[in-house]
Peer 1: 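Below is a structure I'd like to ask you about.
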Amino acid sequence: MVDDERGRGRGRESWDDGLIARRASERAALVEDPERDVPEEDALPLLGGSYGGPLRTRLDALHELVGLSRTRVESEALAEAGRVLDEAAARQRLSSRHTVIALAGATGSGKSTLFNALAGVPVSETGLRRPTTSAPIALSWSEGAAGLLDRLAVPSRLRRRPLAGGAADAELQGLVLVDLPDHDSAVTAHRDQVDRVLGLVDAVIWVVDPEKYADAALHERYLRPLAGHAEVTFVVLNQIDRLGTEAADLVLDDLRRLLDEDGVALGEHGEPGATVLAVSALSGEGIPELRELIGRFVQDRTAPERRLAADIDAAAGRLRPAYVADGRAGLDERARGDFADRLAVAVGAQAAGEAAERVWRRGAIRACGTPWLRLYRWYERLRAHGSTDPRLDSPAEDELTARQRVEQAVRIVADEASRGLPTPWAQAVREAAARGAEGLPEALDELTASMGDPAARPPRPAWWPAAVLAQAVMTLLQIFGALWLVGQVVGVVEPGLLPPVVVMLGGIVGGPLVEWACEGAVKGPARRYGEEAERRLREAAAACGRARVLDPVAAELMRYREVREQYATVVGTRPSARVVGGIRSGATSRLGATRAGVRGR
């Protein structure tokens with residue numbers, strides 16, 4: 001009998017919980033009458049949609065950002081960005097003509113009563129027992145939302161249709177309203193369901209009451225963290241029938257003040273933001289205005305995109321420390337030059353150049369100097385060093401010092417390159433520099449050995465043989481003059497003091513003069529030879545350091561600049577296409593509580 005009554009009442013209440021049976025009956029009707037027109041509001045909406053414009057650009061940039069950062073940024077920091085990308089892809093595959101709005105609130109706020117008032121018939125259980133709602137209940141004003149409700153894990157037995165559901169609720173076509181368990185429920189599973197569903201819906205209506213609207217759990221756990229989602233947020237002060245007009249205005253003003261302290265932008269004076277209004281679900285006061293606001297919000301059909309944009313903003317905010325540098329990052333020419341100078345000192349480029357210059361000059365003096373002076377210098381070297389070899393082996397301490405200088409040069413350039421970078425990228429730059437420094441001292445040693453010692457066999461200029469010949473002539477003149485004098489003393493040669501003395505003095509004076517002239521002539525070429533040797537060794541060391549250290553560091557900096565550009569695209573400003581404002585009609589004076597007064601406070 002009860003079933004008969006339900007069957008007779010089905011014509012009056014279009015609940016039709018059986019979606020499969022409903023579609024089967026529609027297909028049967030079409031078979032019987034193929035020419036039958038299906039009403040537009042009953043037609044299945046298109047499944048899926050496409051993100052375009054700035055949102056598509058931001059999603060692509062976020063995808064690139066995650067891909068470029070997997071080996072640099074901690075996985076926990078990228079987890080939220082990955083979740084946003086996954087949810088964006090999942091939401092895009094589902095109906096783009098539906099807007100899913102969650103109805104959330106604390107115990108005793110009248111959330112289920114408001115849900116029933118919007119439905120026009122009791123759908124969600126109400127009562128004094130707490131918590132009353134133990135599982136999400138979905139109310140869909142049009143078909144085609146099965147995929148969305150599956151995503152929310154709302155069981156089929158808890159999916160409903162409103163009382164009117166047809167042309168009478170045309171402004172709500174496409175709305176899917178979900179009544180959630182109490183967010184402050186003593187049952188942990190209920191709170192977990194609230195948190196899960198809030199991360200998946202397109203918008204949320206927070207229902208508060210005059211007693212618990214300032215509850216710290218609501219503001220600290222939900223409103224403050226979701227402040228960036230203000231444009232897809234409604235805050236409804238319920239149960240205003242328990243207050244007088246003046247008291248309701250004061251409570252509403254204080255609620256706006258708390259939201260402002262939470263960082264929630266309020267949609268007032270034509271600005272985008274959260275909608276705040278007062279209603280009484282029990283008496284019906286403010287319900288038509290709320291339905292009108294929700295209808296405009298749903299028909300705008302931008303809630304999924306705006307929710308996704310807010311999620312991207314939140315993910316970008318969490319990732320900011322990993323991508324935003326304090327200053328200008330990178331290596332300038334001064335830092336590169338200083339690094340090359342330190343490597344040149346480590347390989348002894350300047351000392352090698354000076355040694356090459358000394359060897360060149362010493363070779364000129366040896367080749368063009370008088371034999372008596374060369375004998376004297378050989379004796380001095382023998383007495384000072386106990387050896388005829390002027391080149392002494394470098395002590396072991398010099399090699400250790402050179403290695404330390406190379407390591408110090410790498411540390412300094414790594415610090416210069418990483419200064420001001422976010423921690424993950426600064427660490428990546430230092431690691432790249434450290435990897436290059438592992439074999440750098442050995443590579444510099446091999447490079448120096450392959451280039452040879454510029455002081456070992458310096459080249460001889462073309463005029464050296466002429467100078468040597470002139471010095472030999474001067475020496476022969478000295479010997480000839482001396483022999484001439486000896487011959488006169490012995491009586492072999494006719495006496496005549498002046499000619500042999502002149503010849504001998506000419507050789508004695510001419511030898512030093514030739515040596516002095518050669519030493520003066522060799523200064524310029526010797527200096528240039530030393531500078532060239534220093535330059536070649538310096539450039540070779542700089543090239544080795546550039547290939548092993550600077551290029552990997554520059555690659556890391558280039559990668560950071562790429563992700564920084566992608567991050568800037570992700571953070572890009574969003575155009576405000578929808579403004580949801582409060583109703584200021586004279587029918588409900590409590591809904592028009594002075595908001596300018598709140599700003600004045």
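One-based numbering along the sequence shown.
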Peer 1: Of all residues at least two apart in sequence or in a different chain, which pass the ring-ring contact (aromatic ring centres under 6.0 Å, His included) check with Y213?
Peer 2: none
Peer 1: To the nearest 0.5 Å, how far apart are CG in L177 and CD1 in I294?
Peer 2: 6.5 Å
Peer 1: Under 6.0 Å from the CD atom of E211, do we count more than 12 heavy atoms belonging to anything else shown?
Peer 2: no
Peer 1: Write out all pairs satisfying side-chain hydrogen bond (donor to acceptor under 3.5 Å, both in side chains) with one or both partners inside residues 216-227, taking only residues at least two apart or from two chains.
Peer 2: D195-R221, D195-Y222, H219-D262, R224-D262
Peer 1: Does T233 reach the side chain of L226, with side-chain heavy atoms less than 4.5 Å apart?
Peer 2: no
Peer 1: One thing to verify: whether R296 and E171 come together as a salt bridge, which I'm taking to mean a side-chain N less than 4.0 angstrom from a carboxylate O.
Peer 2: no
Peer 1: With a sphere of 6.0 Å drawn around CZ of R83, does it hold more than 12 non-hydrogen atoms of other residues, nucleotides or ligands?
Peer 2: yes
Peer 1: Does some side-chain heavy atom of L308 sit less than 4.5 Å from a side-chain heavy atom of L55?
Peer 2: yes
Peer 1: Quick one: are the ring centres of F297 and F234 less than 6.0 Å apart?
Peer 2: yes
Peer 1: Measure the shortest side-chain to side-chain distance between T71 and R559 over non-hydrogen atoms and say whether it is less than 4.5 angstrom.
Peer 2: yes
Peer 1: Identify the residue among D202, L175, V176 that makes a side chain to side chain contact (heavy atoms under 4.5 Å, CB included) with I101.
Peer 2: L175
Peer 1: Would you call R307-D311 a salt bridge at under 4.0 Å N-O?
Peer 2: yes
